[in-house]
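I have placed the structure first, in the form of structure tokens, so that the comments after it can refer back to it.
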Number of protein chains: 2
Amino acid sequence: MSGRVVTLKTKPRARPRRTGGGGRSGAPAARTIADIVEALRTRIGRQDVAPGAKLGEQELAAEFGVPRARIREVFGVLESRGLIERIPNRGAVVSRLELEHVFQLYEVRAVLEGMCVRLATQNAPPETWDEFVHLFGAPMDGFVKAGDFDSFIVVYERFRRAIIEWARNPVAARMLDSIYEKTNVVIRRIVILPGRAQSGLGEHRAVVAAMRAGNAEEAERLKRMNLQNAQDTLRRFQKYVL
Amino acid sequence: MSGRVVTLKTKPRARPRRTGGGGRSGAPAARTIADIVEALRTRIGRQDVAPGAKLGEQELAAEFGVPRARIREVFGVLESRGLIERIPNRGAVVSRLELEHVFQLYEVRAVLEGMCVRLATQNAPPETWDEFVHLFGAPMDGFVKAGDFDSFIVVYERFRRAIIEWARNPVAARMLDSIYEKTNVVIRRIVILPGRAQSGLGEHRAVVAAMRAGNAEEAERLKRMNLQNAQDTLRRFQKYVL
DNA sequence: GCCGACAAGATTGTTGACAGTCTTTCAGGC
DNA sequence: GCCTGAAAGACTGTCAACAATCTTGTCGGC
């Protein structure tokens with residue numbers, strides 16, 4: 001048959017050093033697909049790469065020390081998660097976060113976290129929440145008054161993780177994770193809005209109290225109201241956030 | 001320099017016919033990644049391929065007439081969606097649906113569909129639901145009494161799509177879609193459980209009535225209760241379903 | 001001086017080939 | 001006759017070269 005391609009190899013090439021012990025800083029030793037996906041997900045979530053920025057296949061392949069085909073697979077996963085968009089022959093860009101999209105994410109987040117609060121209240125022993133009854137008291141009050149939003153968020157995150165952990169529902173956990181990875185940035189901008197941290201703290205005290213009392217339904221209702229308020233605040237100050 | 005690879009091409013080979021007009025039946029003319037993902041998603045959803053069955057890269061590449069690399073990308077997407085599992089050096093298999101997993105999916109589905117019902121009630125003009133007030137009356141009653149579950153499910157699906165359409169929340173729509181693609185099979189097995197169709201019909205009449213009356217909160221509550229009941233039925237007859 | 005067409009460079013899309021690992025099969029020994 | 005071990009086969013994992021497309025920079029014309 002015609003059109004044959006003949007390939008001659010003169011020598012079995014040396015293997016291109018796998019475990020890059022001498023990896024330069026900034027280029028993590030992430031080689032598997034899951035690792036690279038995680039690395040890029042973190043970068044996008046922390047806005048180390050800005051929305052709309054271009055992601056080059058060659059560039060990333062060189063940085064991680066893997067063939068381009070692997071980066072390509074990673075892009076497929078990231079695209080199916082909605083974190084990037086691929087334009088034919090033009091590469092991949094970080095998805096821009098539309099304002100309307102953020103509201104939709106918050107709407108879903110409200111019902112999912114509400115559900116998790118309810119399930120967590122049912123699944124965990126009541127004493128579990130004593131820790132947070134305490135933290136959301138004087139300590140958090142101090143953070144808010146001092147304007148120490150970083151510490152505020154740390155406690156907030158800790159509570160969030162406890163909720164999800166005790167809800168015992170990996171499906172919901174996965175979905176919430178995919179919401180967080182997109183709204184991470186927005187959350188940090190909402191808490192610094194005037195009065196929001198103070199209000200949110202009060203709302204959370206109510207939520208935690210209901211959980212400590214074992215009132216699952218009420219806790220769910222309060223948590224949903226909490227996120228509804230956050231969304232309203234965002235809507236009111238949207239021009240300052242995005 | 002040593003280790004060189006020399007490639008000789010004797011003739012620019014003819015392009016390997018792209019638009020396969022003469023594609024044999026069963027091998028759809030799906031070429032793009034999204035198309036193949038959709039095709040496989042449908043097969044898995046309809047259980048044309050059984051859970052636990054192996055998916056061969058070569059086999060699929062040959063069937064769709066695309067290079068293996070593309071199948072590989074498709075697998076990446078399917079894995080990130082949880083539809084398949086990839087075992088190193090052993091290929092990909094269709095994910096098995098654990099019973100516990102089904103309950104978790106139903107738990108999430110309840111709150112998400114509840115939310116959609118609420119939003120749809122707020123967004124759509126009340127007359128929108130007249131159609132379903134009618135359908136869930138005598139027609140559906142006839143289907144249930146005649147044991148015509150196919151027609152029953154068709155109407156059910158139609159209502160579901162209307163809900164999601166009017167909820168105007170693509171994020172929730174996407175998540176619900178990823179739930180349906182996994183529970184499609186189970187749904188068909190639940191409606192044929194003794195008394196379930198009749199009960200579900202009554203519950204839906206209440207939901208639709210609330211929507212027609214513009215009572216969004218009540219509609220949400222009723223819808224969640226409806227899916228809670230479905231889940232309870234499933235739990236009671238679980239040994240007959242899975 | 002500005003606009004459009006053309007050429008050079010760079011990047012993505014596609015393909016086939018090579019290498020490693022697991023499974024299967026067959027022969028030999030207990 | 002059954003079990004163990006090795007070789008063959010088949011498949012996945014990995015990779016680099018080739019082809020097509022878009023972008024950028026430059027030259028000529030109006």
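Here is how names work: the chains are called A, B, and so on, in the same order as the sequence lines, proteins then strands, and each is numbered from 1.
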Could one point to a donor on the side chain of A/Arg68 or the base of C/dG13 with an acceptor on the other under 3.5 Å away? yes
Specify the residue among A/Pro67 and A/Pro88 whose closest nucleotide of DNA chain D lies further upstream toward the 5′ end. A/Pro67
To the nearest Å, give me how far apart CD1 (B/Ile71) and P (D/dT12) are. 11 Å
Rounded interatomic separation in angstrom, taking CZ from A/Arg90 and C1' from D/dT23: 9 Å
Send over the distance from B/Arg72 CZ to D/dT14 P, rounded to a whole Å. 6 Å
How long is the straight-line distance from CZ of B/Arg158 back to CD of B/Glu165, given to the nearest 0.5 Å? 12.0 Å
Under a 4.0 Å N-O cut-off, is there an ion pair linking B/Glu220 with B/Lys223? no
Is any NZ, NE, NH1 or NH2 atom of the basic residue among B/Glu107 and A/Arg168 found under 4.0 Å from an Asp or Glu carboxylate oxygen of the other? no
Using a strict threshold of under 4.0 Å (side-chain N to carboxylate O), is an ion pair present between A/Arg109 and A/Glu113? yes
Taking CD1 from A/Ile84 and C1' from C/dT12, how many angstroms apart are they, rounded to a whole number? 13 Å
To the nearest Å, give me how far apart CZ (A/Arg70) and P (D/dA16) are. 11 Å
Taking CZ from B/Arg86 and C1' from D/dG13, how many angstroms apart are they, rounded to a whole number? 10 Å
At a cut-off of 3.5 Å, list every protein nitrogen or oxygen paired with a nitrogen or oxygen from nucleotides 7-11 of chain C, distance to 0.1 Å.
| residue | atom | partner | partner atom | Å |
| --- | --- | --- | --- | --- |
| C/dT11 | OP2 | A/Gln58 | NE2 | 3.2 |

Just checking, B/Arg70 and B/Phe64: is the charged tip under 6.0 Å from the six-membered ring centre and within 45° of the axis? no
Rounded distance in Å - CD (A/Glu73) to C1' (C/dT12): 16 Å
Mutual orientation of the aromatic rings belonging to B/Phe237 and B/Tyr240 [parallel < 30°, tilted 30-60°, perpendicular > 60°]: tilted
